[in-house]
2 protein chains.
Amino acid sequence: MALPPRCNACPVREASLCGSLGEDAAHALSRVMHRMRVPAGRVIYGAAERADTFAILISGVVKLVITKPDGRQQIVGLQFPSDFVGRPFLDGSNLSAEAATTLELCCCSGRAFENVMREHPIIERVLLKRIAADLDSARNWAFLLGRTTAQEKVASLLHLIAERMARSVVRGDRERPCALGLSLPLSRMEMAECLGLRLETVCRQMTQLKSRGVISTMGRRAFDVLDMEKLRNCAANATAMTVEECV
Amino acid sequence: MALPPRCNACPVREASLCGSLGEDAAHALSRVMHRMRVPAGRVIYGAAERADTFAILISGVVKLVITKPDGRQQIVGLQFPSDFVGRPFLDGSNLSAEAATTLELCCCSGRAFENVMREHPIIERVLLKRIAADLDSARNWAFLLGRTTAQEKVASLLHLIAERMARSVVRGDRERPCALGLSLPLSRMEMAECLGLRLETVCRQMTQLKSRGVISTMGRRAFDVLDMEKLRNCAANATAMTVEECV
DNA sequence: CGGGTCGTTGACTCGAATCAATATAGGTGG
DNA sequence: CCACCTATATTGATTCGAGTCAACGACCCG
């Protein structure tokens, strides 16, 4: 009746939804879920088909995208390791979920998940909290999109990525003063789609942050946070900040 | 064991969360909830205090606002009659809920609600669906903020208000070709705070919509939709639309 | 009827978008 | 392993939509 070895060895067990369940709900879930690798770019669920997947993200990043008929796209959410992906009970909006990087998932069909959930109401309660947290993030994102400068947007995104990627990489470690050697899960284009900007604008802001010694980049898909404090400042209120204060 | 008279006479009973509950869960809820009037401008819950209210909105409009230390504000959600207001189980973000107009609420303490919920898990399931729907709205709002022009933003907001206000006013009526004599629950300033714009920009867009015969206004807090089709077009893709096509 | 808030309009500025060249990374085949 | 090739990223010049600042007008209150 013990959990399978893959659960005991699971790097996100505590941080994920599973970590908040009791022994038997966790066990019941473990019986229907299985590991899976998904290559970057794969669509996990799209606007058309019924979202019939439930998954916990073990590694990699998933982007949630709204696409309109005229081609405009907006990334409205990012899911990191330990987050869940899926839309139990959900209506058909124009939302799709796509692997931004190669993923490791622990997943099952939506139907199987709903069955386990019906037998273990605690899962429902935990899911409710997770969705409420997602709602909070979505609203904070709306603030970012509506009320901040390009500078703040880019800095906030890098800050978010630094926090979430570092947490999933140096687990257990004491908090580091600054995050080094982080992989950047998004292209410039995708960053722009996140932030309601054009990719050229994202580039320019990245260049500025580099020249101010806030970050540095290595290749296209990696960066360092040289000064977390500065980054936080840039994210919070770039407008109230002169170049002197920032450098 | 019947529901109290105020429930049977409740104008939003079917559309609200209560309408999706079984007989006894609805009855249990009705015993802890009570009617309340709240004047416009009152803060229902704020960033500081623990959000300890749960309410179903019977009439009026509630705005959900994020305020940053530097004074920037963004309205990240509107709740209309039949929606719920409150944050069961929720973390402290910088979100506050404020009455945009005079409200009629059916409410109880968050604690009381959680107690009833624990005894009637169906409430949890229904709440989960409502929150998931809110999450969807929040993400669609993020698209609006990130990827649309001022024109589309204003048109979309008016369209949303027309839909939700009409639904709560002419309940039961067949769908009207266009909504007339709608009350506008927000000031220009609040509209701007919704849309990530300045109030002057909102004004200019309103003026344009009027001159194109899409809407008309009567006083500060009322408007008509003269041509719902045009409004929908303006909301969907103002950029792809010349003045000729619109007029 | 007068005062104050809120809304409207106008003139001008500025930040990000757009259009247009490069430059670099990273993969491919020789 | 190197040279090439194509995606992606960067930088520059210019435009344009929304912001800002300022004046005026309309509505709502006592």
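Residue numbers start from 1 in every chain, and the chains themselves are labelled A, B, ... in the order their sequence lines are given, proteins ahead of strands.
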* Start and end of the DNA chain C segment that chain B contacts, any atom under 4.0 Å from a heavy atom -> dT5(C) to dA11(C)
* Between dT11(D) atom P and Q208(A) atom CD, what is the distance in whole Å? -> 11 Å
* To do: Mark yes when over 12 heavy atoms from residues, nucleotides or ligands other than M189(B) sit less than 6.0 Å from its CE; otherwise mark no.
  => no
* Asked: Are any of the side-chain nitrogens in E152(B) or K68(A) under 4.0 Å away from the carboxylate oxygens of its partner?
  -> no
* To do: Would you please confirm or rule out a distance under 4.0 Å between OP1 or OP2 of dG19(D) and any side-chain N or O of T201(B)?
  => yes
* **Length of the CD-P vector between E190(A) and dT8(D), whole Å** => 10 Å
* Asked: Can R35(A) and E104(A) be counted as an ion pair, charged N to O under 4.0 angstrom?
  -> yes
* **First encountered from the 5' end of DNA chain D, between R221(A) and R147(A)** => R221(A)
* To do: Please evaluate the base of dG12(D) for a donor-acceptor partner in the side chain of R204(A) within a cut-off of under 3.5 Å?
  => yes
* Within this structure, what is the CE-to-C1' distance between M189(B) and dG19(D), rounded to whole angstrom? -> 13 Å
* **Watson-Crick or G-U wobble mate for dT24(C), both contacts under 3.5 Å** => none
* Asked: Taking syn as any angle within 90 degrees of 0 and anti as the rest, which one fits dA20(C)?
  -> anti
* For the pair K63(B) and E190(B), find out whether any cationic side-chain nitrogen is under 4.0 Å from an anionic carboxylate oxygen. => yes
* Rounded off to whole Å, could you give me the CD-to-C1' distance for the E200(B) and dC21(D) pair? => 9 Å
* Atom-pair distance (CG on L199(A); C1' on dA9(D)), nearest Å -> 8 Å
* Asked: Can you tell me if Q208(B) and R204(B) form a side-chain donor-acceptor pair at under 3.5 Å?
  -> no
* Are R212(A) and D227(A) within salt-bridge range, i.e. N to O under 4.0 Å? -> no
* **Other residues, nucleotides, ligands: >12 heavy atoms within 6.0 Å of M36(B) CE** => no
* **N or O in side chain of K210(A) less than 4.0 angstrom from dT10(D) OP1/OP2** => yes
* **Side chain R220(A) and base dT8(D) donor-acceptor under 3.5 Å** => yes
* **side-chain N/O R198(B) vs dT20(D) OP1/OP2, d < 4.0 Å** => yes
* dT20(D): pairing nucleotide in any strand, Watson-Crick or G-U under 3.5 angstrom -> dA11(C)
